[in-house]
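The structure presented is a predicted model; accordingly, all values stated were derived computationally and were not measured. Numbers for residues simply follow the sequence, beginning at 1.
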Amino acid sequence: SFGFGKGCRLEFYKDAKAQPFVERRNNFYWKIGITLQNLDVAVAHLRQQQHMNIPDPIQFQDIGYLTHIRDPNGFVIELLQCGFKGNEKAVLASNGDDPHAVGSQATVAHVTVRVLSMRG
């Protein structure tokens, strides 16, 4: 879980009744995207403070500097830096005080779904 400013918080809960999400090419859901000013600071915080196993971010072609995590039910969440690797903004790492190392710099950017057919 992490906050967005003082009034909004993104929290993930495991639904004990739900079957784990299995990603397939024909799933309607694809991913949620969250943009960050400094992805490396956010990943370090999530690894150290939240004990999350997160792949190292990569510069993906000319698309962006990114990594992916999964929520407790298995849904993909893309963490994408606002700018390419090497163009990150200075963001303070969290030491327990505000600002939060992730929430203070995060914006929900997109919810992506797959369209299986464009026929009307």
Please assess L79 against L66 for the test side chain to side chain contact (heavy atoms under 4.5 Å, CB included), listing each intermediate value before the final yes or no.
-> CA-CA 6 Å; L79 302 178; L66 57 91; over 6 Å; no

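Remark: Q59 engages Y65, F84, K85 in a side chain to side chain contact (heavy atoms under 4.5 Å, CB included) (not counting sequence neighbours).
Here M52 contributes atom CE and H45 contributes atom NE2; the two are 10.0 Å apart, rounded to the nearest 0.5 Å. Rounding to the nearest 0.5 angstrom, the gap separating the CG atom in D71 from the CD1 atom in I32 is 7.5 Å. How far CD1 of I77 is from CD1 of I69: 4.5 Å, rounded to the nearest 0.5 Å. Here the CD-OG1 distance, from Q81 to T67, works out to 12.0 Å after rounding to the nearest 0.5 Å.
The nearest pair of heavy atoms linking C82 to T35 is SG-CB, 3.7 Å.
Listed by first and then second residue, the salt bridge (charged side-chain N to carboxylate O under 4.0 Å, His left out) pairs involving residues 37-66 are R47-D56 (not counting sequence neighbours).
Under the 4.5 Å side-chain heavy-atom criterion for Ile, Leu, Val, Met, Phe, Trp and Tyr, V43 and V76 are members of distinct hydrophobic clusters. Cluster membership for I63 and L36, using ILVMFWY side-chain heavy atoms within less than 4.5 angstrom, is not shared.
Within a 6.0 Å radius of CG in N87, other residues, nucleotides and ligands contribute more than 12 heavy atoms.
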